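Note sheet for the following structure.
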Amino acid sequence: MELTDPAIFAARRERLRAVMAEQKLPALLVTFAANRYYLSGFELFDSQCNESVGWLVILPNGRDLLMTDARFTDAAKRLWPVEDTLIYGAGKHAAMADVLKGCGVRALGFDPRAVNVFDYDALRAHFELIPASGLVEELRRIKEPAEIELLRAACGLNHRVMRALPDVLTPGISEYEAAWQIERLFREAGAEGLSFPSIVGVNQNAALPHAIPGETKIPREGLVLVDAGCRLHAYCSDQTRTFWVGREPTERFQETKRLVIAAQKAGMQAIRPGAKIADAYHAARKVFEDAGCASQFTHSLGHGIGLETHEGPSLAPRTEGVFQPGMVVTVEPGLYDASWGGIRWEYMVVVTDDGCIAL
């Protein structure tokens, strides 16, 4: 089910080439790992945050250049023509300049958010550098039908894990132990890994939207917020549920959960092609405003999701733009009180021709 057809990646590069032509960009350097993978199928991850496994240069003639170091020579050969591959060593920037200048490239578009100062200084010794932010990310916002199916599969696995959690979240185990059990469930179900470190927050810790699991133990009676996701065939899932452990949940838990789910429904009803992205946030927040608790809603309504857990667009109050068919976003309102806890509820939805549907 994984996307491996070279024609898929080639078609994406052609769409990017058309954008480059509109903006009169002579060439584009792609350094961000997820963008590199989206356009080539080569290595979704860098070795670590300060160590790239390769760059891609998109050229107007279609002879795009893949650059990597010797560790990835064979991996590159499986994907890319040898004649369009540069295996570099310590002199990466000079070697790159020799190849590209041989193709007539004197100016190079780059994303300032994805090139560090060291590389920028080295590159501008050889090229005129032209800032060009977000070109690939704009393409990635609209998912292809095959991408939507991969996201649906990842989300389906997430649903399976969430359904199993009432048997995991038992009194006496710590947040950390619960997080490990969640990861084990994902792995045993076939996930390649987590899409982000699982969030498990017990009672007051659930008031931290991105709580780090610790030694706090699940009580006989109390709430547990779980935000977890997996990576399946390169694509991410992301879901949040808040559970009550014990007998009947308290009146406050039930009312807070009711408000959160009502806000989520209002937000989803505002998601449709042509609707302003910010309006979804405002629709959800109005539920909380009417209930007098909007100050406890402290983050955006959601975000895009795909090869990365957090992609554009952000469902935030100042986000510009409109929803388009094929976007996949999360809808995850929450209410947080440091003295009590928090409740968040999250779906992944795909924008359709006339609204949205939950995956």
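Nothing here was measured: the structure is a model prediction, and the numbers come from that model.
- The residues K143 and E149 are annotated as not salt-bridged, no charged nitrogen and carboxylate oxygen being separated by less than 4.0 angstrom.
- Two residues are said to be in side-chain contact when any heavy atoms from C-beta on lie closer than 4.5 Å; L108 and M96 meet this criterion.
- Using a cutoff of 4.0 Å between basic side-chain nitrogens and carboxylate oxygens, D121 and R124 are scored as salt-bridged.
- The shortest distance between side-chain heavy atoms of Q204 and W340 does not fall below 4.5 Å.
- A salt bridge links R71 and E51; the closest N-O separation between the charged side-chain nitrogens and carboxylate oxygens is under 4.0 Å.
- With a 4.5 Å cut-off on side-chain heavy atoms, P313 and V329 count as touching.
- Counting heavy atoms of neighbouring residues, nucleotides and ligands inside a 6.0 Å radius, atom NZ of K92 exceeds 12 of them.
- For K217, the NZ atom is densely surrounded, since the number of other residues' heavy atoms within 6.0 Å is greater than 12.
- A distance-only check finds no donor-acceptor pair linking the side chain of T216 to the backbone of V202 [under 3.5 Å].
- Annotation: the span from L335 atom CG to I343 atom CD1 amounts to 7.5 Å, rounded to 0.5 Å.
- Between R258 and E255, at least one side-chain N (NZ, or NE/NH1/NH2) sits under 4.0 Å from a carboxylate O, which counts as a salt bridge.
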* Please report the C-alpha distance between F186 and L194 in whole Å, then the side-chain angles of each, then the deciding distance to 0.1 Å, and finally whether the side chain to side chain contact (heavy atoms under 4.5 Å, CB included) criterion is met. => CA-CA 8 Å; F186 275 125; L194 300 178; 3.6 Å; yes

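- With values rounded to the nearest 0.5 angstrom, L232 atom CG is found 13.5 Å from R152 atom CZ.
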* Asked: Going through the checks in order, is the ring pair (Phe, Tyr, Trp, His ring centres under 6.0 Å) test met by Y38 and F9?
  -> CA-CA 7 Å; Y38 179 79; F9 301 106; 8.0 Å; no

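- For the pair S237 (side chain) and G229 (backbone), a donor-acceptor distance under 3.5 Å is absent.
- With contacts defined as side-chain heavy-atom distances shorter than 4.5 Å, the pair L66/D84 does not qualify.
- Applying the 6.0 Å contact sphere to CZ of F253 captures more than 12 heavy atoms from other residues, nucleotides or ligands.
- Side-chain contact between V53 and F45 is absent, with no heavy atoms from C-beta onward closer than 4.5 Å.
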* Asked: Do F323 and L315 pass the side chain to side chain contact (heavy atoms under 4.5 Å, CB included) test, and can you show the C-alpha distance, the side-chain angles, and the key distance before you say yes or no?
  -> CA-CA 10 Å; F323 289 108; L315 277 61; 4.2 Å; yes

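- In summary, the side chains of N205 and E175 do present a donor paired with an acceptor at a separation below 3.5 Å, with no hydrogens or angles considered.
- With respect to the salt-bridge test (charged N to carboxylate O, under 4.0 angstrom), the residues D74 and R78 do not qualify.
- The environment of CD in E251 is sparse: at most 12 heavy-atom neighbours from other residues, nucleotides or ligands sit within 6.0 Å.
- Between E137 and R141, no side-chain nitrogen of the basic residue sits less than 4.0 Å from a carboxylate oxygen of the acidic one, so the salt-bridge criterion is not met.
- E183 places no side-chain N or O within donor-acceptor distance of the main-chain N or O of W180, the cut-off being under 3.5 Å.
- Atoms OG1 and CZ, on T31 and R113 in that order, are 10.5 Å from each other to the nearest 0.5 Å.
- Remark: R36 fails to qualify as a cation-pi partner of W55 under the 6.0 Å distance and 45° angle criteria applied to the six-membered ring.
- With salt bridges taken as basic N to acidic carboxylate O contacts below 4.0 Å, one links R252 and D337.
- We find that R272 and D354 are not joined by a salt bridge, their nearest charged nitrogen and carboxylate oxygen being 4.0 Å or further apart.
- Around atom CD1 of I261, more than 12 heavy atoms belonging to other residues, nucleotides or ligands sit under 6.0 Å away.
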* To do: Would you please test R285 and Y281 for side-chain hydrogen bond (donor to acceptor under 3.5 Å, both in side chains) and show each step?
  => CA-CA 6 Å; R285 187 177 180 85; Y281 170 89; 3.1 Å; yes

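- Formation of a donor-acceptor pair under 3.5 Å by the R344 side chain with backbone atoms of P209 is found in this model.
- Taking the side chain as every heavy atom from C-beta outward, L165 and F243 approach each other to under 4.5 Å.
- Remark: E144 engages R15 in a salt bridge, criterion side-chain N to carboxylate O under 4.0 Å.
- Within the 4.5 Å cutoff, side-chain heavy atoms of D64 are placed close to those of W80.
- One finds no salt bridge joining R187 and E192 here, because no Lys/Arg side-chain nitrogen approaches an Asp/Glu carboxylate oxygen to under 4.0 Å.
- One distance of note links CG of L359 with CD1 of I148; it measures 8.0 Å at 0.5 Å rounding.
- Side chain of D227 to backbone of I199: no donor-acceptor contact under 3.5 angstrom is found.
- Side-chain N or O atoms of T73 include one that pairs as donor or acceptor with a backbone N or O of A70 at under 3.5 Å.
- Rounding to the nearest 0.5 angstrom, the gap separating the SG atom in C155 from the OH atom in Y347 is 10.0 Å.
- Taking a cutoff of 4.0 Å between a charged side-chain nitrogen and a carboxylate oxygen, E128 and R106 do not qualify as a salt bridge.
- Judged purely by atom type and a 3.5 angstrom limit, T319 uses its side chain to pair as donor or acceptor with the backbone of S314.
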* To do: Dump the intermediate steps for side-chain hydrogen bond (donor to acceptor under 3.5 Å, both in side chains) on D238 and H303, then the final yes or no.
  => CA-CA 10 Å; D238 182 4; H303 52 82; 3.2 Å; yes

* To do: Give the intermediate values and the outcome of side-chain hydrogen bond (donor to acceptor under 3.5 Å, both in side chains) for residues Q48 and D46.
  => CA-CA 5 Å; Q48 55 190 40; D46 283 331; over 6 Å; no

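- Within the 4.5 Å cutoff, the side chain of L3 has heavy atoms near those of the E147 side chain.
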* To do: Just do the side chain to side chain contact (heavy atoms under 4.5 Å, CB included) check on C293 and L259 with the steps written out, would you?
  => CA-CA 10 Å; C293 59; L259 283 171; 4.1 Å; yes

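- The main-chain N or O of F42 is found under 3.5 Å from a side-chain atom of S40 such that the two form a donor-acceptor pair.
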* side chain to side chain contact (heavy atoms under 4.5 Å, CB included) between L225 and V200, intermediate numbers included -> CA-CA 6 Å; L225 185 151; V200 181; over 6 Å; no

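- Residue-environment remark: NZ (K276) stays at or below the threshold of 12 foreign heavy atoms within 6.0 Å.
- Ring centroid separation for the pair Y37 and F32 does not come in under the 6.0 Å cut-off.
- Proximity of the aromatic rings of Y336 and H299 is defined here by a centroid distance below 6.0 angstrom, and this criterion is met.
- Listed for the R231 side chain is a donor-acceptor partner under 3.5 Å among the backbone atoms of L307.
- Counted within 6.0 Å of CD on E248, heavy atoms from surrounding residues, nucleotides or ligands total 12 or fewer; the atom is thus considered open.
- Taken from OG1 in T85 to CE in M67, the straight-line distance is 10.5 Å, to the nearest 0.5 Å.
- A donor-acceptor pair under 3.5 Å links the side-chain atoms of E346 to the main chain of T240, judged by distance alone.
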